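Notes for the one structure printed next.
Note that these values count all heavy atoms, side chains included, but never hydrogens, waters or copies made by symmetry. For clarity, every value in this text was computed on a predicted model and none was experimentally measured. As the structure lists them, so they are numbered: ligands from 1, and atoms in each ligand from 1. We count residues from 1, following the sequence as given.
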Amino acid sequence: MHVSTILFSLMAVAVSAKPVKYTIPSSLKAASASNCTLPGKYIVSNFTQYMNSEDGTKNTTSFHYEDPDTGISTNCSSDASSTPTGAAGNRWPCENPNVEFIYQTTNIAGLTVVEVACPGSKPQFEASDLVDLSVDCEDIDSATTCTQMGGPVNGEFDSLEPTPQSPPPSSRRRRAH
Ligand SMILES: *[C@@H]1O[C@H](CO)[C@@H](O)[C@H](O)[C@H]1NC(C)=O
Ligand SMILES: *[C@@H]1O[C@H](CO)[C@@H](O)[C@H](O)[C@H]1NC(C)=O
Ligand SMILES: *[C@@H]1O[C@H](CO)[C@@H](O)[C@H](O)[C@H]1NC(C)=O
Ligand SMILES: *[C@@H]1O[C@H](CO)[C@@H](O)[C@H](O)[C@H]1NC(C)=O
């Protein structure tokens, strides 16, 4: 065996055994030990929120999301043309659909990022975290633009929960009455 091959296998083992801050559910232990990397740390950069009080269709929220462990690097944004997802209809998908975000000013206020853990595993789990973000806002006429201060934020997931399931279509119809 070549030295480089040995080094590579050692590295592969080290990556999948990376410690995480949450308890790994037993159903994910086998998968995460062999063929998938659990979300651990993430980086949020270039967060920008544009709000227009006269023309709300111009409002946008965007940022860049990166998970160096799972190799995800994706842009996230929502605007008037975006369709929310998730069981509660309060999430916005990133370009990589395994990443979603929630941005709100009430309840758990701020930016929450959600990353699917071991996509395709059953039951499906997801890691989530409230991003420790500080923004600087500037008002120009009827518009407010808030941008991330202090460079990229390094975060670490400390929660892993089952992905909330959408109610079946029949119960949705009942609720509408
Ligand atoms: C990953 O591992 C799990 C458990 O060992 C297995 O059920 C699953 O089929 C594997 N997935 C792939 C893509 O190899
Ligand atoms: C963040 O924005 C800066 C300047 O606007 C740009 O140079 C950089 O590539 C962006 N980073 C990402 C990860 O999109
Ligand atoms: C756009 O942002 C403004 C705040 O400046 C807010 O009053 C308005 O409700 C927002 N509109 C939409 C469609 O989100
Ligand atoms: C993500 O956004 C950045 C900054 O707006 C841009 O430079 C980059 O091309 C985008 N990446 C993709 C894959 O769209």
Side-chain angles (χ1 to χ4, degrees), residues 11-12 15-16 18 20 32 35-121 124-160 163-164 166-167 169 172-173 175-176:
M11 271 166 60
V15 165
S16 56
K18 226 169 217 174
V20 288
S32 64
N35 58 17
C36 86
T37 303
L38 290 167
K41 296 179 175 160
Y42 65 84
I43 303 161
V44 164
S45 56
N46 288 13
F47 178 88
T48 305
Q49 190 184 24
Y50 176 86
M51 292 159 290
N52 193 307
S53 55
E54 281 174 4
D55 184 358
T57 63
K58 290 183 176 161
N59 294 6
T60 60
T61 302
S62 66
F63 62 96
H64 184 80
Y65 177 90
E66 206 175 320
D67 182 333
D69 297 332
T70 58
I72 292 176
S73 174
T74 187
N75 283 339
C76 305
S77 69
S78 69
D79 59 28
S81 69
S82 310
T83 310
T85 58
N90 64 345
R91 296 176 172 202
W92 305 102
C94 297
E95 282 171 8
N96 182 320
N98 290 324
V99 184
E100 295 175 337
F101 70 96
I102 302 166
Y103 190 73
Q104 57 193 17
T105 52
T106 55
N107 295 321
I108 303 169
L111 176 68
T112 298
V113 289
V114 181
E115 184 179 335
V116 175
C118 299
S121 56
Q124 186 69 71
F125 282 84
E126 61 183 28
S128 65
D129 197 43
L130 181 64
V131 182
D132 188 9
L133 193 71
S134 27
V135 294
D136 184 30
C137 299
E138 193 182 13
D139 294 317
I140 297 174
D141 300 326
S142 57
T144 303
T145 306
C146 300
T147 50
Q148 180 171 351
M149 285 170 69
V153 166
N154 289 275
E156 193 165 354
F157 292 111
D158 56 12
S159 158
L160 188 80
T163 298
S166 303
R172 261 194 209 147
R173 223 170 21 241
R175 253 198 284 157

For ligand 3, is Thr144 a contact, meaning one of its heavy atoms is under 4.0 Å away?
-> no
Of all the non-hydrogen atoms in the protein, which one sits nearest to atom 4 (C) of ligand 3, and at what distance?
-> Met51 CB, 3.8 Å
Nearest protein heavy atom to atom 7 (O) of ligand 3, by residue and atom, and its distance?
-> Ser53 CA, 4.8 Å
Which heavy-atom pair separates Thr145 from Tyr50 by the least distance, and what is that distance?
-> OG1-CD1, 3.4 Å
Closest protein heavy atom (residue, atom, distance) for atom 13 (C) of ligand 3 | Gly56 O, 3.6 Å
Answer yes if the side chains of Thr74 and Glu95 hold a donor-acceptor pair under 3.5 Å, and no otherwise.
-> no
Applying a 4.0 Å heavy-atom criterion (strictly less than), which segment of Thr57 is in contact with ligand 3: side chain, backbone, both, or neither?
-> neither
Contact check, side chains of Phe101 and Phe63, non-hydrogen atoms, under 4.5 Å | yes
Heavy-atom protein contact below 4.0 Å for atom 2 (O) of ligand 3 = yes
Judged by modelled atom types alone, do Thr147 and Asp136 share a side-chain donor-acceptor pair under 3.5 Å?
-> no
Does Leu38 reach the side chain of Cys118, with side-chain heavy atoms less than 4.5 Å apart?
-> yes
Of all the non-hydrogen atoms in the protein, which one sits nearest to atom 11 (N) of ligand 3, and at what distance?
-> Asn59 ND2, 2.9 Å
Does the N or O separation between Asn75 and ligand 4 drop below 3.5 Å for any pair?
-> yes
4.5 Å side-chain heavy-atom contact, Phe157 and Val20 | no
